[in-house]
Amino acid sequence: MGIESDAIWLGLVALGGALAAALIALAVAALRLREAEQRVRDKEVEHQGVLDRLQENEYRLRAIIESEPECVKLQAADGTVLEINPAGLKLVDADRFEDIVGKPIYSVVAPECIEIYRENMRRVFAGEALVYEFRSITLKGRTCWMETHAVPLRDARGAIYALLGITRDVTEHKLAEEQVRRHQTELARVARLSTMGEMATGLAHELNQPLAAIANFARGCIRRLRSGDVAPGELIRPLEEVCQQAERAGEVMRHVRDFVRKREPVLAATDLNQIVRGVAKFNEMETRQQNAVLKLDLAPELPRVWADPIMVEQVIGNLVRNSIEAMAEARSRRREITIRTAASGRDAVEVEIGDTGPGIDGALIDQVFDQFFTTKPEGVGMGLSISRSIVESHGGSIRAESRAGGGATFRFSLQAVAQRESSVERRYSIHR
Ligand code: ADP
């Protein structure tokens, strides 16, 4: 072969090599392109999956909201209703979505509630989650009470774009509440009236005796003066009696005044034995009338307590009256009330009022101190609740027990005065 043909041959080989290299590069590029295409397709599938899932979620969410029995709605800052579910339509008495969507929510808010409603919307759009109530007048003029739980809805950048509100009709609840409130006001009124009535009856009883005695003694004096044969010294005794009876009547009046007057508690180092004796005396007549006996078992040298004497007297008086009533109502054969006092530990004094009445049902023992709890046909259920708040405002405690053999026992304790303080009288409010 000549040199020429060698050169051609070499050229061809080189060309072949270059071509092969080009082909390989092409094949690699095609492969990469296919991979890239595959990746794009995968991404598209993935994207579609995300879109499908999003759509599915939205459908599910919508289905939930649509079937939600409560009203779910979106509102713009100016009060325009953006969206509402079928329950919401029913709540505002709208027949079609257009009746309320795109309209201001204020068209169903009662005029007197509009201002506060606006303020609540302002607070939600400032980022607060709120629960508020308002009176609504529906599109068909029905009046009802609504309660809305409202939260702000934010976009991806965190800006608040709507209020999401869940609203329900609370009219029945509101009416029931109103009824309970009215009932309680009525009971409180009855309590006041019946306390006043009781007091008036008690007062009549208590005053009758000294007044009758005063009239008798005075008439006796007049008779003797008229007859002319009386030495002035002989009139001193009956006139002293007149004075004593008038003082007794004055004492009764003081009790009534103290009971009626609304006063700040005045704490003083108080002798509970003395108070118990006073209560026993004050209830003497009623106890006798109900064929009951009141026994005192008072600890000698009882430490004094920091207490408002009038208020503590009211507590012991309430407990004694409850015992008398319980024994009378149950027609107990043995009617005995015992008031005991004793030191309890080093720094408290305990007062116990026990009776031989029917006792208290074990299931009710925790309720007897509740306001308005009563088992009496004419009862009001305020006595024990007032007693407990008095004892507790003194920093003490009160409890009830019912003995197996019948009878109820109420026990309360008050803080004893430390020895060196006992001679000092302090005056301060015990309201907490
Ligand atoms: P009220 O006397 O108006 O019923 P209270 O608060 O004084 O109100 O008493 C509540 C209830 O506690 C009474 O109705 C009664 O059932 C019960 N109770 C109170 N004291 C006694 C007692 N000594 N024995 C039996 N039950 C009592």
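Computation of the quantities below employed the complete heavy-atom set of this structure, encompassing side-chain atoms and omitting hydrogens, waters and symmetry-equivalent molecules. Predicted model, so just to flag it, every value in this text is computed and none were measured. First listed ligand is number 1; within each ligand, the first listed atom is number 1.
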- Non-hydrogen atoms of G407 versus ligand 1: any pair closer than 4.0 Å? no
- Task: Please answer whether the main-chain N or O of W306 pairs with a side-chain N or O of H394 as donor and acceptor at a distance below 3.5 Å.
- Result: no
- Pull out every atom of ligand 1 sitting under 4.0 Å from any heavy atom of A326, numbered as shown with elements. 22 (C), 24 (N), 25 (C)
- Begin with the C-alpha distance, continue with both residues' side-chain angles, and end with the deciding distance and a verdict on side-chain hydrogen bond (donor to acceptor under 3.5 Å, both in side chains) for Q245 and R248. CA-CA 5 Å; Q245 294 298 332; R248 172 154 165 62; 5.1 Å; no
- Query: Charged N to carboxylate O below 4.0 Å: is that the case for R118 and E115?
  - Reply: no
- Mind checking the CD-CD spacing from E58 to E56? Nearest 0.5 Å is all I need. 12.0 Å
- Donor-acceptor under 3.5 Å (K103 side chain, V81 main chain): no
- Task: Determine, for E325 against K376, whether the closest basic-nitrogen to carboxylate-oxygen distance falls under 4.0 angstrom.
- Result: yes
- Item | K174/D169 ion pair, N-O < 4.0 Å | no
- Message: With a cutoff of 4.0 Å, is G357 in contact with ligand 1, counting heavy atoms of the residue only?
- Response: no
- Could you see which bit of F410 sits under 4.0 Å from ligand 1, with heavy atoms only: side chain, backbone, both or neither? side chain
- Query: Which atoms from ligand 1 have a heavy atom of V368 less than 4.0 Å away?
  - Reply: 10 (C), 12 (O), 17 (C)
- Item | Sub-4.0 Å atoms of ligand 1 with respect to non-hydrogen atoms of K376 | 1 (P), 2 (O), 4 (O), 13 (C), 14 (O)
- Under 4.0 Å between heavy atoms, the region of L319 that gets near ligand 1 turns out to be neither
- Task: For ligand 1, note which part of T375 has a heavy atom under 4.0 Å away: side chain, backbone, both or neither.
- Result: both
- Message: Test your reading of the structure: does D355 have an N or O sitting under 3.5 Å from an N or O of ligand 1?
- Response: yes
- Give the numbers and elements of all ligand 1 atoms closer than 4.0 Å to a heavy atom of N322. 2 (O), 5 (P), 7 (O), 9 (O), 19 (C), 20 (N)
- Message: So if I count the atoms of ligand 1 from 1 in the order they appear, which ones are less than 4.0 Å from some heavy atom of G383?
- Response: 5 (P), 6 (O), 7 (O)
- Main-chain N/O of A307 paired to T270 side chain as donor or acceptor, under 3.5 Å: yes
- Per-atom contacts, ligand 1 versus A408 - under 4.0 Å to a heavy atom: 22 (C), 23 (N), 24 (N)
- Message: Whether R96 and D99 form a salt bridge (side-chain N of Lys/Arg under 4.0 Å from carboxylate O of Asp/Glu) is what I want to check.
- Response: yes
- Item | Atoms in ligand 1 with a heavy atom of T374 nearer than 4.0 Å | 1 (P), 3 (O), 4 (O), 14 (O)
